[in-house]
Amino acid sequence: GITLRTDGGRSTLINITNGGGKTSIVELNLYLLSRDARLLKRIREKAAPKSRGFTHARIEFRDPPEDSYLAPGLLEIDPLNLPGETHVIGVVLNDDINDPPIFYSYSGTLEDSPCYVYDGKSIASVPDSEFVARTKALRGCKWNKFTSRREWEDHIRLFLPVEVIRRNVLYQLKGSDDKNASFFDFT
């Protein structure tokens, strides 16, 4: 379980050795945002076996109040105390091609329905049934209600431009930074 916070519109660098999962992280998150079936084929082989529970991808978005403006500064901003309403989107899946991925969304934070627990020494997955029950009970939860890619894109559009996501999917499918794709070639 990894939680990356990128509040404030800042970029994030993931520095992991070769074979550590950078491409898997990117493809899983792009799949969450796009529901592109070509990415699903790639991530299924790396997803948890059905007997081990869900593989999770989740993103928390913050919708800042319209009357707030945070000027860039030299002081570190506490990402847990930024103003605005938070929303979470997510997908759960496993390696079984007969089990369709389940997409969901709710108003709240990642911590409102954790998918893992950390005791200071080790990480343990929250049982799937507990995660599903806790998530479904959250305000505004839409669990498996997005029946098509189009419906999902309409929802994602609340947070990000879908056209940008599509370009990133295309770039990833062409090989991204694995020397197989040109950064500027999007024909």
Side-chain angles (χ1 to χ4, degrees), residues 1-4 6 12-61 87-106 110 113-118 122-136 138 141-157 159-181 183 186:
I2 299 170
T3 300
L4 302 172
T6 61
T12 299
L13 170 71
I14 300 175
N15 186 9
I16 303 173
T17 59
N18 288 343
K22 295 180 295 292
T23 299
S24 298
I25 291 169
V26 168
E27 289 181 348
L28 184 57
N29 281 289
L30 279 174
Y31 177 67
L32 164 60
L33 293 168
S34 70
R35 286 184 75 157
D36 190 293
R38 297 168 294 181
L39 289 171
L40 178 58
K41 290 178 184 176
R42 291 181 177 202
I43 61 176
R44 279 274 193 207
E45 63 192 35
K46 299 171 191 167
K50 186 174 184 173
S51 62
R52 301 281 308 263
F54 292 139
T55 292
H56 295 262
R58 308 179 324 145
I59 300 174
E60 178 181 312
F61 292 97
H87 305 275
V88 173
I89 61 165
V91 62
V92 294
L93 61 124
N94 59 50
D95 69 343
D96 187 341
I97 61 171
N98 296 311
D99 280 353
I102 297 171
F103 290 83
Y104 63 91
S105 175
Y106 63 85
L110 295 170
S113 186
C115 57
Y116 68 90
V117 290
Y118 179 63
S122 62
I123 295 174
S125 296
V126 170
D128 292 349
S129 58
E130 183 181 325
F131 174 79
V132 171
R134 185 177 292 175
T135 303
K136 284 183 172 182
L138 293 170
C141 180
K142 295 179 182 178
W143 182 269
N144 210 22
K145 302 284 186 194
F146 302 95
T147 58
S148 70
R149 182 177 176 179
R150 173 124 169 106
E151 286 180 17
W152 186 247
E153 285 182 342
D154 287 344
H155 187 66
I156 294 301
R157 207 173 252 111
F159 312 109
L160 294 170
V162 173
E163 298 71 26
V164 172
I165 296 167
R166 288 180 184 152
R167 282 196 308 265
N168 279 280
V169 167
L170 180 59
Y171 177 67
Q172 187 66 31
L173 291 170
K174 286 185 172 187
S176 66
D177 197 29
D178 290 331
K179 310 275 189 282
N180 296 326
F183 184 73
F186 286 101

> Does Val88 offer a backbone N or O that forms a donor-acceptor pair with the side chain of Arg58 under 3.5 Å?
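Checked: no pair found.
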> To the nearest 0.5 Å, tell me how far Cys115 SG sits from Glu130 CD.
11.5 Å
> From Glu60 CD over to Leu110 CG, what is the distance, rounded to the nearest 0.5 angstrom?
4.5 Å
> Rounded at 0.5 Å granularity, tell me how far CZ in Arg166 sits from CG in Leu33.
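Reported value, rounded in 0.5 Å steps: 12.5 Å.
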> Mind telling me whether Tyr104 and Trp143 have parallel, tilted or perpendicular rings, with 30° and 60° as the class edges?
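Rings of Trp143 and Tyr104: parallel, under 30°.
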> For the pair Glu163 and Arg167, find out whether any cationic side-chain nitrogen is under 4.0 Å from an anionic carboxylate oxygen.
no
> Between His87 and Tyr106, does the ring centre distance come in under 6.0 Å?
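Distance test on ring centres: not under 6.0 Å, no.
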> Pair Lys145, Glu151 - check salt bridge (charged side-chain N to carboxylate O under 4.0 Å, His left out), show working.
CA-CA 9 Å; Lys145 302 284 186 194; Glu151 286 180 17; over 6 Å; no
> Which distance, rounded to the nearest 0.5 Å, do you find between the NZ of Lys50 and the CD1 of Ile97?
11.5 Å
> Tell me if a side-chain donor or acceptor on Thr55 pairs with a main-chain N or O of Ala48 at a distance below 3.5 Å.
yes
> Under the 3.5 angstrom rule, does the side chain of Ser34 hit a backbone N or O of Asp36 as a donor-acceptor pair?
yes
> Nearest 0.5 angstrom please: Asp128 CG to Asn94 CG, how far?
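That separation rounds to 8.5 Å.
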> Is Asp95 paired with Arg52 through a side-chain N to carboxylate O contact shorter than 4.0 Å?
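Result for this pair is no, no salt bridge flagged.
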> Step by step, work out the side chain to side chain contact (heavy atoms under 4.5 Å, CB included) result for Ile25 and Thr23.
CA-CA 5 Å; Ile25 291 169; Thr23 299; over 6 Å; no
> Give the intermediate values and the outcome of salt bridge (charged side-chain N to carboxylate O under 4.0 Å, His left out) for residues Asp96 and Arg44.
CA-CA 8 Å; Asp96 187 341; Arg44 279 274 193 207; over 6 Å; no
> Rounded to the nearest 0.5 Å, how far does CD1 of Ile89 lie from CD1 of Ile59?
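Spacing of CD1 (Ile59) from CD1 (Ile89) equals 4.5 Å.
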> Does the separation of the ring centres of Phe103 and His155 fall below 6.0 angstrom?
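No - the distance between ring centres of Phe103 and His155 does not fall below the 6.0 Å cut-off.
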